[in-house]
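As the structure lists them, so they are numbered: ligands from 1, and atoms in each ligand from 1. Heavy atoms only: backbone and side chains are in, while hydrogens, waters and symmetry mates are out. Just so you know, residue 1 is the first one in the sequence shown, and it goes up from there.
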Amino acid sequence: KAKMTRRGSHVIFESTIRQELENRLTLESELALAADRGEFELFYQPQVRLVDGSLIGAEALIRWRHPARGYVSPGEFMPVVNTSALSERIASWVMETASRQARAWELSGNSVRVAINLSPSQLHSGDLAHSVAVLLATTGLTPSLLELEVTEDILLHDEGRVLDLFKRIQELGVRVLFDDFGTGYASLSYLKKFPLDGLKIDRSFVLDLLSDSDDAAIVGSTIGLSKQLGLTVVAEGIENRATADFLVSMGCEEGQGYFFGRPMPAEAFEKQFLMVGRESVNAA
Ligand code: C2E
Ligand code: MG
Ligand code: MG
Ligand code: MG
């Protein structure tokens with residue numbers, strides 16, 4: 001009887017794996033089609049000075065405008081993209097699109113720093129520092145208006161290689177920030193190993209900041225640590241004014257979250273946060 005059960009669960013296990021594999025392959029080919037059809041878009045979420053809410057920059061966040069499902073969030077497809085042959089193609093598209101946007105805003109008189117999330121393929125194959133240099137040269141974007149965000153999981157391998165890339169990228173004047181700080185296994189050792197310009201406190205510590213004293217302790221210490229190390233610190237996931245005020249009282253200078261603005265299309269971002277184009281052109 002035990003044998004039958006074992007055999008039975010084995011069959012179920014196998015069919016589940018097969019199903020997952022099929023789903024993945026379907027999604028992969030849908031994503032390749034989506035790339036061909038230009039269905040990816042970048043949304044922009046404001047990053048502000050917490051004391052007065054004034055705009056500093058924007059984080060570029062990818063969306064898939066699916067013909068039937070509407071906007072699909074990156075959590076649903078980027079894990080597949082990042083482990084498929086599409087990875088480099090989409091990563092380059094993100095970097096180019098965001099840089100062009102930043103340059104367009106710069107030319108319109110708005111110095112908006114744009115932050116891009118790096119994909120693993122960008123650190124582990126090709127020469128990212130060279131690509132960034134080419135991008136800056138072709139767009140004419142001021143280097144300090146570009147920021148790259150990296151998560152711990154993509155720093156895991158090739159430490160020497162990544163270290164070299166970061167140094168060369170920073171020599172260009174582009175900043176590198178550690179994203180989702182505190183969620184990985186070895187966040188502190190990465191601060192020691194890599195030349196980082198700043199860190200972003202993960203929203204999981206910020207969301208319940210007011211009610212959870214452990215979160216408050218973690219966030220407070222992270223802010224203190226950042227200052228001691230001379231790093232910029234950005235808090236993510238600020239959903240209300242009280243949280244923003246509390247962060248200010250702990251010495252945090254920059255932040256982003258639904259309270260200041262959700263990720264939105266570039267045109268909506270311009271309307272809400274920038275003085276771009278038509279009105280000013282017409283007024284002149
Ligand atoms: P992330 O880089 O940590 O981005 C912040 C995420 O937090 C975004 O989710 C944003 O919409 C969400 N968020 C912002 N403010 C709030 C808030 O106040 N409350 C809550 N609950 N959430 C907030 P999103 O856009 O779904 O992106 C998820 C993740 O997908 C990103 O996390 C990033 O790791 C990845 N991602 C997004 N765009 C790209 C991209 O272009 N390339 C790569 N490689 N990864 C991307
Ligand atoms: Mg990010
Ligand atoms: Mg994050
Ligand atoms: Mg994240």
* Apply ring pair (Phe, Tyr, Trp, His ring centres under 6.0 Å) to the pair Phe273 and Trp105, showing each step before the final yes or no. => CA-CA 11 Å; Phe273 297 98; Trp105 285 335; 10.0 Å; no

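A donor-acceptor pair shorter than 3.5 Å cannot be found between the side chains of Glu59 and Gln45. Of the N and O atoms on the side chains of Thr139 and Arg100, not one donor lies less than 3.5 Å from an acceptor on the other residue. Judged by distance alone, the side chains of Thr232 and Glu254 never bring a donor and an acceptor atom under 3.5 Å apart.
Summarising the contacts of atom 46 (C) of ligand 1 with Asp153, Asn117, Thr243, the nearest heavy atom is found in Asn117. When Asp179, Ile90, Asn82, Thr97 are checked for heavy-atom proximity to atom 1 (P) of ligand 1, Asp179 turns out nearest. Of the listed options Glu59, Glu239, Glu236, Arg203, Arg203 places a heavy atom closest to atom 6 (C) of ligand 1. Across Trp93, Phe259, Phe40, Tyr258, heavy-atom proximity to atom 17 (C) of ligand 1 is greatest for Tyr258.
With respect to the salt-bridge test (charged N to carboxylate O, under 4.0 angstrom), the residues Arg175 and Glu147 qualify. Here Glu171 does not pair with Lys167 in a salt bridge; the nearest charged N to carboxylate O distance is not below 4.0 Å.
Taking every heavy atom of Met78 and a limit of under 4.0 angstrom, the matching atoms of ligand 1 come to 42 (N), 43 (C), 44 (N). Per-residue contacts place Gln45 under 4.0 angstrom from the following atoms of ligand 1 (heavy atoms of the residue considered): 14 (C), 15 (N). Counting the atoms of ligand 1 from 1 in the order shown, those under 4.0 Å from a heavy atom of Ile238 are 18 (O). Within ligand 1, the atoms closer than 4.0 Å to a non-hydrogen atom of Val94 are 41 (O), numbered from 1 in the order shown. Close contacts between ligand 1 and Leu118 involve ligand atoms 44 (N) [criterion: under 4.0 Å to a heavy atom]. Taking every heavy atom of Pro263 and a limit of under 4.0 angstrom, the matching atoms of ligand 1 come to 11 (O).
Here the N, O or S atom of Glu59 that is nearest to the Mg ion (ligand 2) is OE2. If you look at Asp179 and ask which of its N, O or S atoms sits nearest the Mg ion (ligand 2), the answer is OD2. The Mg ion (ligand 2) lies closest to atom OE1 when only the N/O/S atoms of Glu149 are considered. Considering just the N/O/S atoms of Asp180, the one nearest the Mg ion (ligand 3) carries the name OD1.
The aromatic rings of Phe40 and Trp64 are tilted relative to each other, their planes meeting at an angle between 30° and 60°.
Note: an N/O pair closer than 3.5 Å links Ile62 and ligand 1 by distance alone.
Among the backbone and side-chain atoms of Thr151, no N/O/S atom is found under 2.8 Å from the Mg ion (ligand 2). Among the atoms of Glu236, an N, O or S atom falls under 2.8 Å of the Mg ion (ligand 3).
In this view, Gln272 and Met264 satisfy the side-chain contact (heavy atoms from CB on, under 4.5 Å) rule, not counting sequence neighbours. Under the side-chain contact (heavy atoms from CB on, under 4.5 Å) criterion, His157 pairs with His124, not counting sequence neighbours.
Using 4.0 Å as the threshold, Gly75 has no heavy atom nearer than that to any atom of ligand 1.
Within the 4.5 Å cutoff, the side chain of Glu152 has heavy atoms near those of the Ser187 side chain.
Listed for the Thr97 side chain is no donor-acceptor partner under 3.5 Å among the backbone atoms of Val94.
The proximity of Arg262 to ligand 1, defined as any non-hydrogen pair under 4.0 Å, does not occur for either the backbone or the side chain.
Across all their heavy atoms, Leu27 and Glu76 have their closest contact at CD2-O, 4.0 Å.
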